[in-house]
Participant: 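Got a structure for you, written out below as structure tokens; questions coming shortly.
Computed from a predicted model, the values in this text were never measured in an experiment. Only heavy atoms go into these numbers, but all of them, side chains included; no hydrogens, no water, no symmetry mates.
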Amino acid sequence: MVIPGYDPDDIDERLEELLSDHELDEYLTAEERQRYEEGASLVDLLSGDDIRDLLGEEAETDD
């Protein structure tokens with residue numbers, strides 16, 4: 001998924017920081033988890049809504 005104005009690598013790194021292995025199972029199907037373990041990025045695997053939710057939660061806790 002492309003998010004205008006953001007570097008996908010930066011977003012992917014931040015998502016990896018935010019999600020523990022346990023939480024990944026809440027967001028990814030078994031097939032997506034396998035693709036992630038094979039090198040696919042979270043930006044490609046997560047839905048836009050999931051990415052916004054995860055990054056939005058981070059912004060709310062920074063206040």
Side-chain angles (χ1 to χ4, degrees):
M1 159 174 200
V2 176
I3 301 174
Y6 293 93
D7 180 353
D9 290 334
D10 290 343
I11 293 173
D12 197 56
E13 287 176 19
R14 189 64 195 134
L15 292 170
E16 287 178 347
E17 291 171 3
L18 291 170
L19 291 171
S20 68
D21 282 340
H22 172 71
E23 291 170 324
L24 279 174
D25 291 334
E26 295 175 24
Y27 285 93
L28 301 177
T29 65
E31 180 183 313
E32 290 169 333
R33 179 66 186 246
Q34 182 178 355
R35 289 177 51 208
Y36 173 71
E37 290 173 0
E38 292 171 351
S41 75
L42 289 173
V43 171
D44 292 331
L45 297 172
L46 293 170
S47 71
D49 288 338
D50 286 341
I51 292 171
R52 281 188 286 278
D53 288 345
L54 287 165
L55 296 177
E57 287 178 13
E58 176 193 28
E60 289 175 10
T61 60
D62 286 345
D63 291 338

Participant: For the residue pair Leu45 and Tyr27, establish whether any side-chain heavy-atom pair is separated by less than 4.5 Å.
Facilitator: no

Participant: What's the separation between atom CG in Leu42 and atom CD1 in Ile51, rounded to the nearest 0.5 Å?
Facilitator: 8.0 Å

Participant: Main chain of Arg35, side chain of Glu38: is a donor-acceptor contact present, judged purely on distance under 3.5 Å?
Facilitator: no

Participant: So, Glu37 side chain and Gln34 main chain: donor-acceptor pair closer than 3.5 Å or not?
Facilitator: no

Participant: Apply side chain to side chain contact (heavy atoms under 4.5 Å, CB included) to Leu46 and Leu28, showing your working.
Facilitator: CA-CA 7 Å; Leu46 293 170; Leu28 301 177; 3.8 Å; yes

Participant: Apply side-chain hydrogen bond (donor to acceptor under 3.5 Å, both in side chains) to Asp12 and list each qualifying residue two or more places apart in sequence or on a separate chain.
Facilitator: none

Participant: Output all residues satisfying side-chain hydrogen bond (donor to acceptor under 3.5 Å, both in side chains) with Glu13, sequence neighbours left out; order by chain, then residue number.
Facilitator: none

Participant: Measure the spacing between CZ of Arg14 and CG of Leu54 and express it to the nearest 0.5 Å.
Facilitator: 10.5 Å

Participant: In the structure I gave you, are the side-chain heavy atoms of Leu15 and Leu55 within less than 4.5 Å of one another anywhere?
Facilitator: yes

Participant: Say you draw a straight line from OG of Ser47 to CG of Asp53; how long is it, rounded to the nearest 0.5 Å?
Facilitator: 7.5 Å

Participant: Listed by chain and number, what are the side-chain hydrogen bond (donor to acceptor under 3.5 Å, both in side chains) partners of Glu31, not counting sequence neighbours?
Facilitator: none

